[in-house]
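This report refers to the structure that appears directly beneath it.
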Amino acid sequence: MRGLSALTWSAAVLAITGVTQALPRISRQGKYLFDPSGNRFYIKGVAYQPQGQLAETSAANAENGGFPEPSSYVDPLSSSANCTRDIPYLKQLGVNAVRVYSVNPTLNHDACMSALDSAGIYVMLDVSLPLNGSIDRSSPSWSTNLLNEYTTTINIFNKYNNVLAYNIANEVVTTNANTVAAPYVKAAARDIKAYLKGIGAAALVGYSATDGDAAFRNSMAHYMTCGADDVSVDIYGLNNYEWCGDQNLNNSNWGAITAGFSDIPVATYMSEYGCIFSPPRLWTEVAALYSAPVSNVFSGGVAFSYFPTSDGYGMVTFSGTNGSTVQTSADFTRLATQYNATSPPNSPTKSAAPASATIACPTQNSTWLASNTLPPTPNEAVCNCVNDNAFACRVRPATANRPVILGSLLDYTCSLLGSSNSGASCSTIGGNGATGQYGVLSYCSPAIKLNYAFSAYYEFSPIPQSCDFSSNATLSANRPNTAQDAQTAAQSCLAQEPAGGVFTPRPASSSPASSNTASGAGASGSGSAQSSRAAAGRAAEVGRSSLLWAGLGLMGLLGGGAAVLA
Ligand SMILES: *[C@@H]1O[C@H](CO)[C@@H](O)[C@H](O)[C@H]1NC(C)=O
Ligand SMILES: *[C@@H]1O[C@H](CO)[C@@H](O)[C@H](O)[C@H]1NC(C)=O
Ligand SMILES: *[C@@H]1O[C@H](CO)[C@@H](O)[C@H](O)[C@H]1NC(C)=O
Ligand SMILES: *[C@@H]1O[C@H](CO)[C@@H](O)[C@H](O)[C@H]1NC(C)=O
Ligand SMILES: *[C@@H]1O[C@H](CO)[C@@H](O)[C@H](O)[C@H]1NC(C)=O
Ligand SMILES: *[C@@H]1O[C@H](CO)[C@@H](O)[C@H](O)[C@H]1NC(C)=O
Ligand SMILES: *[C@@H]1O[C@H](CO)[C@@H](O)[C@H](O)[C@H]1NC(C)=O
């Protein structure tokens, strides 16, 4: 590139990325957001995600932990025509940000992201996906497949200047009972934050919480923002619909909510708002949100929703061929008027803003169950290594792509192990967000976890019929000869685990298709098995002590070993 002037060089970069760089980076200092001039930045947003199909059946909802949620999605940033159709209306609304809940990293987003950028609109992007693409509150795990899904999306969106934040999850924790899922959510924030730092990305890391009673709402916010800065989210979103119709800070609860969040040391915002239960929506909460005292605590919010939903939200409708014509509603106009009338205080400015504070984590009690010990960083190298070298019995590829069947087989096989006298148990692949104990393979993909359970059962009863599971399983061609060999191989794989189990994740492979369960799907005898083995050999000299960080001895790993059978 020598000889290119700076101008030519930046033109060349633009030509390569196809992205203009109009919007400045927004950064956080302590609890506020700032533009590069040091002025406060407030999110004036609208949710921009067409409704996916709702999981209507109770079986599908069971998979979601009993909570009706979309089971499919349409990527709103993938259609240049739709973005071109919508952006004039987003500008009329006066928004500077959209919240997008689900995108497909295999599609092209250049046109939409660039058009939004030119329109002065940032994107708050959720990196989780429906169903198995999110942390499952009823059986929580922060696992390699989710980490890969998240980093794959981040790798695609990292080139866009106007990504304000990546949301690592939306409403995973919904009740006191599933507060045990919170450590997994926070571990995701920790690892994605480290990942972004590792690739030099400036986007913020966020979580969007369900509303609840004051104890739940405040404990969740404190939990996600307590302790060291590198484990805390940068921006905490509250999905809140408590301001209904012509209310005020007192009778809407927004005054109490603001007071409850006043010591949150990071930026907060209403990641969804706009109650529909006292129609018409007047959007009088907008004036409150963008002035003191709420603006002392919150940095704006995201009105729900631009697109219509089956349960009565939405500000526009579409007609004409391919829905190419937009009709705005009176609701739209009222929100636009309110957004246009805001003039939030530029206070404090960055130079006057307090330095970051640290708050204590909530103490566990009978309603707040989450341990402050977080699960380890998902370690794909360890998972692939044990899978390739220590697991004799593996799930067939066709089954590996069926998350519901994987789940039912895992439950079944773990109960078989539990009721056998094998000495093996699924605690190696399980975890407990209340006690803060996590099995050494608790972060592996569902398919590799199932391979563990299948293989532990097979070690206990090493005859071919023990590796069938109604034709869902098959013996690996390069399986370990004996249970002892399996133990030894697993042990050297686990020796790769860094002390403490927390590290900066490496970028996911550039091809999303290769992201996860494929390696758990029983592709045996591959080159990757060879290199994993070599790595395991090198790592063996690290010794066993790293096994102990999860508080589990080796016998917990593959308890069906020869010694147990003897
Ligand atoms: C979810 O399941 C599908 C198969 O239905 C699979 O292709 C995808 O990789 C899974 N996602 C994650 C994050 O495990
Ligand atoms: C549990 O602790 C939270 C504060 O972290 C508190 O608000 C809540 O009332 C406590 N619950 C019980 C049952 O003591
Ligand atoms: C809310 O309550 C406070 C304290 O009682 C009162 O000073 C204030 O005027 C009330 N605000 C509104 C909008 O009713
Ligand atoms: C409508 O959408 C389809 C599918 O994207 C496309 O083939 C067709 O040309 C569109 N029609 C018009 C009038 O834009
Ligand atoms: C584009 O808009 C049409 C009409 O509203 C909708 O049917 C289609 O799903 C949208 N496509 C995307 C990718 O958002
Ligand atoms: C809001 O402001 C935008 C941009 O200045 C303008 O295009 C739009 O007409 C305004 N809308 C209302 C309802 O005032
Ligand atoms: C796999 O397991 C599921 C669930 O137990 C069962 O319905 C199915 O018949 C099994 N076999 C195959 C080949 O899918």
Side-chain angles (χ1 to χ4, degrees), residues 47-53 70 72-90 98 100-113 115-116 123 173 175-177 179-180 182-183 186 209 212-227 242-261 263-264 282 284-289 291-294 305-310 314-328 359-372 434:
Y48 186 71
Q49 182 82 38
Q51 183 173 41
Q53 253 162 21
S72 70
Y73 69 93
V74 171
D75 177 343
L77 301 178
S78 66
S79 165
S80 171
N82 287 15
C83 292
T84 305
R85 172 195 68 190
D86 293 333
I87 284 173
Y89 297 94
L90 297 174
V98 288
V100 173
Y101 292 72
S102 303
V103 293
N104 179 345
T106 66
L107 302 177
N108 188 306
H109 306 93
D110 289 350
C112 283
M113 290 303 288
L116 286 166
V123 174
V173 180
T175 62
N176 290 331
T179 52
V180 291
K186 193 164 182 185
D213 64 23
F216 174 85
R217 184 173 56 235
N218 294 334
S219 299
M220 188 66 201
H222 286 113
Y223 186 82
M224 290 301 292
T225 60
C226 67
E242 291 196 55
W243 185 305
C244 289
D246 189 18
Q247 288 199 292
N248 59 48
L249 289 181
N250 293 341
N251 60 16
S252 72
N253 210 26
W254 276 33
I257 291 168
T258 303
F261 277 27
D263 63 343
I264 299 297
L282 302 172
T284 48
E285 67 267 52
V286 170
L289 187 54
S291 52
V294 184
S305 143
Y306 178 79
F307 290 101
T309 71
S310 57
M315 298 167 200
V316 301
T317 50
F318 303 98
S319 62
T321 312
N322 285 354
S324 58
T325 305
V326 178
Q327 286 90 40
T328 59
I359 59 167
C361 293
T363 314
Q364 286 179 286
N365 61 26
S366 62
T367 53
W368 184 258
L369 307 177
S371 168
N372 289 313

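Just follow the structure's listing: the first ligand is 1, and inside any ligand the first atom is 1. Numbers here simply count residues along the sequence, with the first being 1.
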**Atoms of ligand 2 close to Pro362 [distance to a heavy atom under 4.0 angstrom, numbered from 1]** = 5 (O)
**Asked** Nearest heavy-atom pair of Ser102 and Gln49: which atoms, and what distance?
**Response** N-OE1, 3.0 Å
**Complete:** Correct closest heavy-atom pair for Lys186 and Cys226 would be NZ-O, 2.9 Å
One line per pair, note the atom names and distance for all nitrogen or oxygen contacts under 3.5 Å between ligand 5 and the protein.
from	atom 1	to	atom 2	distance (Å)
ligand 5	2 (O)	Asn82	OD1	3.2
ligand 5	2 (O)	Asn82	ND2	2.3
ligand 5	2 (O)	Arg85	NH1	3.1
ligand 5	5 (O)	Arg85	NH1	3.2
ligand 5	11 (N)	Asn82	ND2	2.9
ligand 5	14 (O)	Asn82	ND2	3.1

**Item:** Donor-acceptor contact below 3.5 Å, side chain Thr179 vs main chain Leu369
**Value:** yes
**Complete:** In ligand 2, the atoms that come under 4.0 Å of a heavy atom of Ser219 are 3 (C), 4 (C), 5 (O)
**Message:** Out of the candidates Pro50, Cys83, Cys112, only one should pair with Pro76 under the side chain to side chain contact (heavy atoms under 4.5 Å, CB included) rule; please name it.
**Reply:** Pro50
**Asked** Is there a donor-acceptor pair under 3.5 Å between the side chain of Thr84 and the backbone N or O of Ser80?
**Response** yes
**Request:** Could you pull out the closest heavy-atom pair between Phe318 and Asp86, with the gap in Å?
**Result:** CE2-OD1, 3.6 Å
**Request:** Would you mind listing which atoms of ligand 2 come within a distance below 4.0 Å of any non-hydrogen atom of Ser366?
**Result:** 13 (C)
**Prompt:** For Thr309, what residues pass the side-chain hydrogen bond (donor to acceptor under 3.5 Å, both in side chains) criterion, not counting sequence neighbours?
**Reply:** Asp311
**Close side-chain approach of Val100 and Tyr73, heavy atoms under 4.5 Å** = no
**Request:** Under 4.0 Å from a heavy atom of Thr367: give me the atoms of ligand 2 that qualify, with their elements.
**Result:** 1 (C), 10 (C), 11 (N), 12 (C), 13 (C)
